[in-house]
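Report on the following structure.
We count ligands from 1, going down the list as the structure has it; atoms in each ligand are counted the same way. Values reported hereafter were calculated over all heavy atoms of this structure, with side chains retained and with hydrogens, waters and symmetry mates removed.
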Amino acid sequence: MARVGRECSKRMQKSVIEVHHLYKAYQTAAGDFPVLKDVNLQVLAGDYVAIMGPSGSGKSTFMNILGCLDMPTAGSYVLDGYAVATMAADQVAKVRNQTIGFVFQGFNLLARASLLDNVALPLVYAGVSKEERHARARVLLEKVGLSKHMHSHPNQISGGQQQRVAIARALVNQPRLILADEPTGNLDSTTSEEIMAIFDSLNQEGITIVLVTHETDIAEHAKRQVRFLDGKIVQDTGSASSVAGSEYV
Ligand code: ADP
Ligand code: MG
């Protein structure tokens, strides 16, 4: 797999995400339904981006493309140096698994598995031994403050705790990018702040974070706010050139 554009052109700071002239239209019975219309975004390593915008503005569609769960109709997407929009599906899956951890609004945990097995699950696909899987999952459950509950099941813990488990699971492959679509959307404000504190500390450790939120106070945790309206980015408080300040040059 050849990497392209590993360094961004103007600065030496590495791009984790580079999206150029991205379009997405859904095919519906009534014809093509355009949702993303010429979206451009560069996210540098270590960035912390909150994507905002009204319901239906295309945020989840964009996140699904960033997460390689869906393909754009047109335009280019370079993820961690790989031009994923033009790569074969199995190669994309490999890049995705080694680069990205996902966190969803609905937690998406397996109800019948223990918290330990939920966190360890992505390592099954990576071919890691059971002993090693559980060892790594234990460390991450400890990191999110849930080691006491590791043998519990998701229905025995609160929503905030379930989201902590989902974050631990997202971290198990040591991703450099976390993508989170409304990760606090199902949580009360106190619990949301606790979850955001985890994202803040992961970003301080150097993990790049892109999350979607409706809430201004959640978005303020990020270093940069990007606003979608009708499938376009209409505001970006820190385009790559301003994010990559003098410390990076
Ligand atoms: P947001 O996350 O900002 O609420 P979405 O990306 O979920 O927005 O949706 C943007 C638009 O695309 C909406 O009008 C939605 O109805 C439409 N849409 C989303 N997914 C599909 C799909 N699979 N097929 C057709 N239309 C879709
Ligand atoms: Mg959405």
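- Paired with D236 under the rule side-chain hydrogen bond (donor to acceptor under 3.5 Å, both in side chains), one option of R227, R224, Q42 passes, and it is R224.
- More than 12 heavy atoms of other residues, nucleotides or ligands lie within 6.0 Å of NZ in K37, so this atom counts as buried by the packing criterion.
- By the 6.0 Å contact criterion, CD on E131 is open, its count of non-hydrogen atoms from other residues, nucleotides or ligands being 12 or less.
- Residue, atom and distance of the protein heavy atom nearest to atom 18 (N) of ligand 1 are Y26 CE1, 3.4 Å.
- Here is the list of ligand 1 atoms found below 4.0 Å of a heavy atom in S55: 4 (O).
- Residues L171 and L179 fall into different hydrophobic clusters, defined by Ile, Leu, Val, Met, Phe, Trp and Tyr side chains chained together at heavy-atom separations under 4.5 Å.
- Across R138 and M150, no two heavy atoms sit closer than the pair CG-SD, 3.4 Å.
- Within the 4.0 Å cut-off (strictly below), a protein heavy atom is located near atom 21 (C) of ligand 1.
- Residue contact check: F33 has heavy atoms under 4.0 Å from atoms 12 (O), 14 (O), 17 (C) of ligand 1.
- Heavy-atom contacts of V35 reach the following atoms of ligand 1: 10 (C), 11 (C), 12 (O) (cutoff under 4.0 Å).
- Among the atoms of S60, some N or O lies under 3.5 angstrom from an N or O of ligand 1.
- Less than 4.0 angstrom separates atom 3 (O) of ligand 1 from at least one non-hydrogen atom of the protein.
- Between R176 and the options T208, T99, D80, a side-chain hydrogen bond (donor to acceptor under 3.5 Å, both in side chains) holds for only D80.
- Put simply, part of G58 is less than 4.0 Å from ligand 1, judged by heavy atoms.
- Evaluated by nearest non-hydrogen atom to atom 11 (C) of ligand 1, the leading choice among G56, S57, A25 is G56.
- Taking every heavy atom of both residues into account, N173 and P122 meet most closely at ND2-CB, 3.8 Å.
- Between the side chain of R169 and the backbone N or O of L121 there is no donor-acceptor pair closer than 3.5 Å.
- At a heavy-atom cutoff of 4.0 Å, ligand 1 is contacted by no atom of F228, backbone or side chain.
- Minimum heavy-atom separation, I100 to G67: CD1-CA, 3.9 Å.
- Taking 2.8 Å as the threshold, T61 does not count as a candidate ligand of the Mg ion (ligand 2), since none of its N, O or S atoms lies below it.
- With a 4.0 Å cut-off on non-hydrogen atoms, T61 touches ligand 1 through its backbone as well as its side chain.
- The shortest heavy-atom distance from P54 to ligand 1 is under 4.0 Å.
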